[in-house]
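Order of the sequence lines fixes the chain letters, A, B, ..., with proteins taken first and strands second; residue numbering starts at 1 for each chain.
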Protein chains: 2
Amino acid sequence: MKLLSRQEEIVLLSIWKLGDNAYGVSVREFISELTDKYWSIGSIYVPLERLTEKSMIEAYQGEPSMKRGGRRIRYYRITTKGMEALSEIRKLQNSLWEGFPGPAAS
Amino acid sequence: MKLLSRQEEIVLLSIWKLGDNAYGVSVREFISELTDKYWSIGSIYVPLERLTEKSMIEAYQGEPSMKRGGRRIRYYRITTKGMEALSEIRKLQNSLWEGFPGPAAS
DNA sequence: TTAAAATCTTCTATTAAATAGAAGAAAAAG
DNA sequence: CTTTTTCTTCTATTTAATAGAAGATTTTAA
């Protein structure tokens, strides 16, 4: 299996962390706060679509009417395949980073 | 500063690990063994050149005559800037992966 | 001493991913 | 009913990853 790209890793983990509140806008906010960087709309939605095509995440519709103005929300959840891809990249990272000085992983 | 790409992370850390034996072919071998995957020549040399342009690594010539047939070897070492980029990406990974089930980082 | 083989890098083309943001859809608020 | 908000779709552009042929340099072997 091909390795996860950086952005795929970040987006996947964000979805995992956001639980039942993972959708385009919330993922973007989460990543912005985490990295303290600007992220364009496309830099979130394009990977979301690609990860969906690869079946690493799947989309589902939220409740028909939720508070606040806006379009119907397209939520995402991570799939088994997505979790496997994360585990694989983590194993690689563990080998690669072994012995590196500085703060250890949490 | 822009985040390191996946391949940049892998190549940088390989150079760091290989110490005074880091050059194109040895980096490629190292990564192949680590990942148990095929890596084309270009998938190593292209990032090496880009990292050099970005001053995250620097090249130096090896001894004029070393054993084995072959062209003069172009060795690399990681720079301060390269180490900083690694530290930055590691910090991000530590936040991102916090709480993820499975083997912790080493 | 030349030819062949080995080791290594340069070069360039192609494919894939990241980044950017305008435009539009849907719902709530005024 | 118009405006404002929230959210996604779409598509263009830039950047990175992948591939491997070709060429350079050195050793080995004939």
Side-chain angles (χ1 to χ4, degrees), chain A residues 1-12 14-15 18 21-32 35 37-54 56-76 85 89 92, chain B residues 1-12 14-15 18 21-32 35 37-54 56-76 85 89 92:
Chain A
M1 203 196 285
K2 233 166 116 302
L3 297 175
L4 281 181
S5 74
R6 173 76 60 210
Q7 195 61 5
E8 285 170 342
E9 174 191 2
I10 294 174
V11 168
L12 267 182
S14 299
I15 288 171
L18 286 165
N21 191 36
Y23 62 101
V25 168
S26 70
V27 168
R28 187 181 176 209
E29 284 170 359
F30 181 83
I31 295 176
S32 293
T35 59
K37 281 177 168 50
Y38 171 82
W39 295 85
S40 70
I41 296 171
S43 65
I44 305 297
Y45 281 90
V46 169
L48 279 174
E49 194 177 5
R50 194 172 53 247
L51 286 167
T52 304
E53 277 163 19
K54 291 184 183 169
M56 293 192 176
I57 57 178
E58 57 191 13
Y60 61 99
Q61 286 305 319
E63 294 297 307
S65 118
M66 304 210 57
K67 65 198 163 198
R68 302 264 189 142
R71 200 168 174 173
R72 184 102 89 277
I73 289 180
R74 182 173 160 89
Y75 289 97
Y76 295 93
I89 200 72
L92 174 59
Chain B
M1 203 196 283
K2 234 165 114 304
L3 296 175
L4 282 181
S5 73
R6 173 77 59 212
Q7 194 62 5
E8 286 170 342
E9 174 191 0
I10 294 175
V11 168
L12 266 181
S14 299
I15 289 172
L18 286 166
N21 190 37
Y23 63 101
V25 168
S26 69
V27 167
R28 187 179 176 210
E29 284 170 359
F30 180 84
I31 296 176
S32 293
T35 59
K37 280 176 166 53
Y38 171 82
W39 294 84
S40 70
I41 296 171
S43 65
I44 304 299
Y45 280 90
V46 169
L48 278 174
E49 194 176 5
R50 194 173 51 247
L51 286 167
T52 304
E53 275 163 20
K54 291 184 184 169
M56 293 192 176
I57 57 178
E58 57 191 12
Y60 61 98
Q61 287 304 320
E63 294 297 307
S65 116
M66 304 211 57
K67 65 197 162 202
R68 305 264 190 142
R71 200 167 174 174
R72 184 101 90 276
I73 290 180
R74 182 173 161 88
Y75 289 97
Y76 296 92
I89 201 73
L92 174 59

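A:Val25 has its side chain out of reach of A:Ile73: every pair of non-hydrogen atoms, C-beta onward, lies at least 4.5 Å apart. In this structure the side chain of B:Arg6 reaches within 4.5 angstrom of the side chain of A:Ile89, judged on heavy atoms. Side-chain contact between B:Gln7 and B:Val46: absent, with no pair of heavy atoms (C-beta onward) separated by less than 4.5 Å. By the 4.5 Å heavy-atom criterion applied to side chains, A:Ile10 and A:Thr35 are not counted as neighbours.
Nearest to the side chain of B:Ile73, among D:dT18, C:dT9, C:dA26, sits C:dT9. Residue B:Tyr38 has its side chain nearest to D:dG20 when only D:dG20, C:dC8, D:dC7 are considered.
Computed from coordinates, the B:Leu48 CG to C:dC8 P distance equals 14 Å when rounded to whole Å. Between A:Leu18 atom CG and D:dC7 atom P there is a gap of 13 Å when expressed in whole angstrom units. D:dT6 atom C1' lies 12 Å from atom CZ of A:Arg28, rounded to whole Å. Nucleotide D:dT15 holds its C1' atom 12 Å from the CD atom of B:Glu53, rounded to whole Å. Residue B:Gln61 contributes atom CD, which lies 15 Å from atom C1' of C:dT7 at whole-angstrom precision. Remark: P of D:dA16 and CD of A:Glu9 are 17 Å apart, rounded to the nearest angstrom. Rounded to an integer number of Å, the gap from A:Arg71 CZ to C:dA28 P is 15 Å. Between the OH atom of B:Tyr60 and the P atom of C:dT9 there is a distance of 12 Å, given to the nearest Å.
The phosphate of D:dT18 (OP1 or OP2) has no side-chain N or O of B:Ser40 nearer than 4.0 angstrom. Distances shown here put every side-chain N or O of B:Arg72 at or beyond 4.0 Å from the OP1 or OP2 atom of C:dC8. Regarding contacts with the backbone of D:dT8, every side-chain N or O of A:Tyr23 stays at 4.0 angstrom or more from both OP1 and OP2.
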For nucleotides 11-17 of chain C, print each protein N/O atom paired with a nucleotide N/O atom at under 3.5 Å, atom names and distance only.
residue, atom, partner, partner atom, Å
C:dA17, OP1, A:Lys2, NZ, 3.4

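The 5' end of DNA chain D is approached more closely, in terms of each residue's nearest nucleotide, by A:Gly24 than by the other of B:Trp39 and A:Gly24.
Pairs passing the salt bridge (charged side-chain N to carboxylate O under 4.0 Å, His left out) check and including a residue from residues 37-49 of chain B, sequence neighbours excluded, read A:Glu88-B:Lys37.
Annotation: side-chain hydrogen bond (donor to acceptor under 3.5 Å, both in side chains) contacts of B:Ser5 (sequence neighbours excluded): B:Glu8.
Atom CD1 of A:Ile44 and atom OG of A:Ser32 lie 6.5 Å apart (nearest 0.5 Å).
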